Amino acid sequence: MDRSTQLTARRTGSPDPVRTSTSPPFSGQGEIGHSGTVVYDPGPAARSLHLRAARVLHDNWTGTSTVPSRGLYPHQWSWDSAFIAIGLRHLSPLRAQVELETLLDAQWGDGRIPHIVFNPSVPLDAYFPSPDFWRSSTAGRAAGAPRTVQTSGIVQPPVHALAAWLVHVADPGLSRARGFLSGLYPRLAAWHRYLLHRRDLGGGGLASVVHPWEQGMDNAPSWDAPLSRVTPAPPRTFRRADLDHGAASDRPTDLDYGRYVALASDYRDREYVDGEGDGVARRASFEGGGGRRAGEFAVEDPAFNALLIASEYALARIARELGATSTARSARAERLTAALVERLWDPAEGMFFCRDVTTGELIPERGVAGLVPLLLPALPCDVADSLVRTLRGPHFGLGGATRLVPSYDLTGEAFDPHRYWRGPAWFNTNWMLERGLRLHGEQALANRLRSSLLDTAGASGFAEYVTPYSGEACGATGFSWTAALTLDLLHDHDHQHEPGPSRSAAQHVSDHVGEEIGKGAKGGNQV
């Protein structure tokens, strides 16, 4: 199995199970496929944690989607739903499919998937910014915002195609019967086109985020320098509903929040136009274009782009499943990986950094986003090795000082073990790193991280995030993606015995990738 296959492979003891759409969604005894074999049985030792995680997802289910948490986040969030679907596939493949379908039903005409889909039954003052702030159906009309549902106007990391593929392989029979992939594929392709064409603000082939909330790591120190150019909205112009659910010392400061509001207001008032220019999407520079002019805030982020690349690999798998040509997508994923290394890799520091598109300079803040590209199968071996050394070293302490990988440099001036994305450990980033370590042959370290994730998830009550040293719960408890990714790790019981690729195997993978790119360059139709 080559690394690009490993990235999107389903790890299970059963090669191709088929489940019924009516299989009980929250059974602790395993699920039975059409063949009569047990598809998922976590075993007695893990069953209690499995049932507790399943209960979180049951309690946070609205009927068509899953909220991140009932109190703090009462709507549907984009990348949350992708991670939730990855876990839900082990409980109810049907519900996992519906989760993604509900999100993509709110996709805009220009291809963007909004970061929030608002539940009209939730009071406006339950969350800010609320639908009346974003005004998607009016301010977003030119960009094709839906008229039947209210959304935000910004986006979040593109995990969706990866999630869709993993959900499909959890029950291929159900997926094919419902037309799950055939229904989602055109929407996912449009989503990637939007990011690769309209968001190439730096002209180097990578997608840019135009708001810290888009990258998902809202309050990371990497945003401090570019945010300093933004004049904050006056405090009297907004009310922070997040402080009703968490300590102010754990949340972004009022100054930072004022800048978030100002950026979002400006983007809305420009009718959600990306960059400056004629409004026509341009191809990324590596496909023959020159990029678009950036606004006040535009940053190329390594984690956002790594997830886009991972999802390109998944789209290639989906295309093959649907009988279409996939070589162009695989080749694009390789080119994007090369662009990521060229633009954001710092070999002296052994990690990736964000690039401020306005200044053209790398932002020298060591955040967990700079480690997430370990997910990528075609990452050069020396780059992957350096990332592992950085993970183990004093800045992140994996395997030594920390239980889980912190969101920010332990030695950094801005480090705070409790404040949102400025030090605490998050389950989704650690899940990605666990997967990346395993992909690059670091089985022992991946196993240790997996054990820490499972222990911490249970002990913290499935917390939104935790302190990296002790695992103390922070933010909301009963958090959906923590529960969902716990289920994914529990299900992944047989991975501890998977052999990691040797150096020679890695070279064979590189050769195979090169051959595939060559095929794609010789006229494979783009899907």
Side-chain angles (χ1 to χ4, degrees), residues 1-13 42-43 45-46 49-50 53 83 86-87 90 159 162-163 166 302-303 306-307 309-310 313-314 350-352 368-393 395-407 425-458 466 468 471 481-482 484-503 505-506 509:
M1 177 185 299
D2 67 36
R3 286 187 182 179
S4 63
T5 302
Q6 280 181 275
L7 177 69
T8 52
R10 172 176 168 273
R11 305 186 193 119
T12 181
L49 186 60
H50 160 75
F83 288 121
I86 289 170
H90 305 302
V159 199
L162 177 59
L166 294 175
L307 289 169
I309 296 166
Y313 281 117
M351 67 181 303
F352 292 86
V368 71
L371 305 172
V372 170
L374 197 62
L375 267 176
L376 301 179
L379 205 63
C381 289
D382 60 326
V383 173
D385 289 344
S386 291
L387 285 174
V388 173
R389 286 195 295 272
T390 300
L391 263 172
R392 289 180 176 273
H395 300 296
F396 294 94
L398 181 61
T402 59
R403 289 173 62 96
L404 298 178
V405 180
S407 53
W426 291 71
F427 289 85
N428 66 329
T429 55
N430 277 266
W431 176 87
M432 289 186 273
L433 292 173
E434 190 269 354
R435 197 174 184 98
L437 286 167
R438 205 168 299 289
L439 184 68
H440 290 283
E442 297 288 341
Q443 304 300 322
L445 193 57
N447 290 342
R448 184 168 180 174
L449 179 54
R450 175 182 178 271
S451 294
S452 293
L453 277 163
L454 292 175
D455 291 345
T456 305
V466 298
W481 77 26
T482 303
L485 297 177
T486 295
L487 289 169
D488 195 57
L489 292 169
L490 284 171
H491 183 268
D492 211 8
H493 58 83
D494 61 331
H495 71 321
Q496 297 183 55
H497 308 292
E498 292 176 0
S502 64
R503 274 294 157 224
V509 169

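Everything numeric in this text was worked out from a predicted model, so none of it was measured.
Between His90 and His491, the ring planes are parallel. Angles under 30° get that label, and only those over 60° would be called perpendicular.
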Intermediate values then yes/no, side-chain contact (heavy atoms from CB on, under 4.5 Å), His440 and Val388: CA-CA 9 Å; His440 290 283; Val388 173; 5.8 Å; no

Stepwise side-chain contact (heavy atoms from CB on, under 4.5 Å) check, Leu437 with Leu391: CA-CA 10 Å; Leu437 286 167; Leu391 263 172; 4.1 Å; yes

Intermediate values then yes/no, side-chain contact (heavy atoms from CB on, under 4.5 Å), Arg435 and Leu374: CA-CA 8 Å; Arg435 197 174 184 98; Leu374 197 62; over 6 Å; no

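Exactly one residue among Thr429, Leu398, Val405 makes a side chain to side chain contact (heavy atoms under 4.5 Å, CB included) with Leu371. That residue is Val405.
Within the 3.5 Å criterion, the main-chain N or O of Gly350 finds a donor-acceptor partner in the side chain of Thr390.
In this structure, Arg392 CZ and Leu445 CG are separated by 4.5 Å, a value rounded to the nearest 0.5 Å. To the nearest 0.5 angstrom, Leu454 atom CG is 10.0 Å from Leu487 atom CG. Expressed to the nearest 0.5 Å, how far CZ of Arg403 lies from CG of Leu449 amounts to 11.5 Å. Taken from CG in Leu162 to CD1 in Ile309, the straight-line distance is 13.0 Å, to the nearest 0.5 Å. To the nearest 0.5 Å, atoms CZ (Phe427) and CG (Leu485) are separated by 9.5 Å.
Nearest heavy-atom pair across Phe352 and Pro302 is CB-CB, 3.6 Å. Here the shortest heavy-atom pairing between Ala378 and Tyr313 reads CB-OH, 3.5 Å. Looking at every heavy atom in both residues, His395 comes nearest to Pro406 through O-CG, 4.4 Å.
Residues Leu375 and Leu439 have side chains not in contact (no heavy-atom distance under 4.5 Å, counting atoms from C-beta outward). Counting only heavy atoms from C-beta outward, the side chains of His50 and Thr486 never approach each other to under 4.5 Å.
Trp431 is linked by a side-chain hydrogen bond (donor to acceptor under 3.5 Å, both in side chains) to Asp488, counting only residues two or more places apart in sequence or in another chain. In this structure Arg448 satisfies the side-chain hydrogen bond (donor to acceptor under 3.5 Å, both in side chains) test with no other residue, sequence neighbours excluded. Legend: residues meeting side chain to side chain contact (heavy atoms under 4.5 Å, CB included) with Ala425, ordered by chain and number and at least two apart, are Leu404, Asn430, Val466, Pro468. In terms of the side-chain hydrogen bond (donor to acceptor under 3.5 Å, both in side chains) criterion, Thr402 has no residue partners (sequence neighbours excluded). Considering only residues two or more places apart in sequence or on other chains, Ala306 meets the side chain to side chain contact (heavy atoms under 4.5 Å, CB included) condition with Val372, Pro373, Leu376. Not a single side-chain hydrogen bond (donor to acceptor under 3.5 Å, both in side chains) links Ser407 to another residue, sequence neighbours left out.
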